[in-house]
There are 2 protein chains.
Amino acid sequence: MTAAPVRVLLADDEHLIRGALAALLSLEEDLVVVAEAATGPEALAMARAHAPDVAVLDLQMPGADGVKVATSLRAELPSCKVLIVTSHGRPGHLKRALAAGVRGFVPKTTSAQRLAELIRTVHAGNRYVDPELAADAISAGDSPLTAREAEVLEHAADGAPVAEIAERAALAEGTVRNYLSSAAGKLGAENRHAAVRLARERGWV
Amino acid sequence: MTAAPVRVLLADDEHLIRGALAALLSLEEDLVVVAEAATGPEALAMARAHAPDVAVLDLQMPGADGVKVATSLRAELPSCKVLIVTSHGRPGHLKRALAAGVRGFVPKTTSAQRLAELIRTVHAGNRYVDPELAADAISAGDSPLTAREAEVLEHAADGAPVAEIAERAALAEGTVRNYLSSAAGKLGAENRHAAVRLARERGWV
DNA sequence: CACCGGGCATGACAAATGTCAGAAGGCGTC
DNA sequence: GACGCCTTCTGACATTTGTCATGCCCGGTG
């Protein structure tokens, strides 16, 4: 069976990896890298121009992260399957990615050989999620935070004082303190800063 | 001139990159990858076993980071030149790396082609530092923090309350607060948490 | 030697933060 | 409509924090 090769888009801001990967994937006879991109917007533009079968996206890229790109892609190019590759697997990201219609989600500790297989898997219409990441996501569970709690936590992310958070969120200071307090309580954190760290780790912010 | 090929050790925790890189570098006739490692200690062990000419190390690896490995390597295997590759170029890291006797320091946005050239450059006894990273390091300047300030700031990194920091650093709470305060002042931060963030960004912790 | 400046430490005070109880409005469910 | 839950706010309080004045010790300078 000599079907048409799978057309792949590669997006990663690290040239070293992108180039190396492109070279390795080209070794596979049934795969062809038709486009490369270093940023989110670039990936989107490339996808529009080349209409690849599968898009391999890094999770963290300048401009727009992999999940955002996947969301846009899903709307504009539904036939293009998305496979996300990431270095730091945060549980929450996996959930967001799946919600965005991503078909595959694997850590960068995967070998190139395996990645090639997964590209085929995804192209065939199947899904694949790294078992370890999936386990993490399940054990981390859903975010216990309400929408406002998460929002306020996000505003607190850079260590800003309560007054500033209140202004940015257009809330009273007391209200902000309450949300921060309840969020920290739910996360089992000593204070809001530790809470921010925890929420970050779990991908809840 | 068909000199003996340059023997290279490759250390990076991301299998995808390591493998791809190994494949690409092997394409170069005068380079041969003699060992691979996924963690700091593993890199060290591999270096001892294979005595490579050049060690290409990722800055962030489990176990021990690239700079620590470089330090040990310098003591144990002085003939082995170290080239550090990093995704997130923090100015301070560059300084630490050079102090550890590292011969090259480049971001992962470098192409594999260029990396191969740099391996030769480094092997020939020359140094190379990415110009942009160098500029960052220079503009960021030296850490204005005293040893104690930096130490306390490090203990404060995970958002722990002052009491805990005081215990860990074996200082009085008031003293800790003072160091934190002066550090925040020097960094132009609103509070210690923002200070931690800034110091992190500049690689001063 | 006397002096100065910087690093180090402390305690006291003021400001920011975390905690709690309570109350009012909105929204969805049974 | 009664109930529960989220959101928003308020005020009061305890705790944590940031800031300041102060003192000690040490290495260098004149």
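In what follows, chains are A, B, ... by sequence order, proteins preceding strands, each numbered from 1.
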Q: Pick base, sugar-phosphate or nothing for A/A147, based on heavy-atom distances below 4.0 Å to the nucleic acid.
A: sugar-phosphate
Q: I'd like to know if A/K108 and A/D58 make a salt bridge, using a cut-off of under 4.0 Å between side-chain N and carboxylate O.
A: yes
Q: In whole Å, I'd like the distance from the CD atom of A/E164 to the C1' atom of C/dA16.
A: 14 Å
Q: Centre of B/Y179's six-membered ring, under 6.0 Å away, within 45 degrees of the axis: is that where NZ or CZ of B/R192 sits?
A: no
Q: Using a 6.0 Å distance limit plus a 45 degree cone around the ring axis, check whether B/R114 lies over the aromatic ring of B/Y128.
A: yes
Q: Assess whether a salt bridge exists between A/R90 and A/E201, defined as any Lys/Arg side-chain N lying under 4.0 Å from an Asp/Glu carboxylate O.
A: no
Q: List in numerical order all residues of residues 149-163 of chain A for which some heavy atom is under 4.0 Å away from an atom belonging to DNA chain D.
A: none
Q: When you measure from every atom of DNA chain D, which of residues 172-197 of chain A have a heavy atom less than 4.0 Å away?
A: A/A172, A/G174, A/T175, A/R177, A/N178, A/Y179
Q: Strictly below 4.0 Å, N to O, side chains only: are B/K81 and B/D53 in salt-bridge contact?
A: no
Q: Think B/T146 has a side-chain N or O under 4.0 angstrom from the OP1 or OP2 of C/dG6?
A: no
Q: Looking at A/E190, I'd like to know if its CD atom is crowded, meaning that more than 12 non-hydrogen atoms belonging to other residues, nucleotides or ligands lie closer than 6.0 Å.
A: no
Q: Is the number of heavy atoms from other residues, nucleotides or ligands under 6.0 Å of A/E132 CD greater than 12?
A: no
Q: Under 4.0 Å between a side-chain N or O of A/R148 and OP1 or OP2 of D/dT8?
A: yes
Q: Is the number of heavy atoms from other residues, nucleotides or ligands under 6.0 Å of A/R74 CZ greater than 12?
A: no
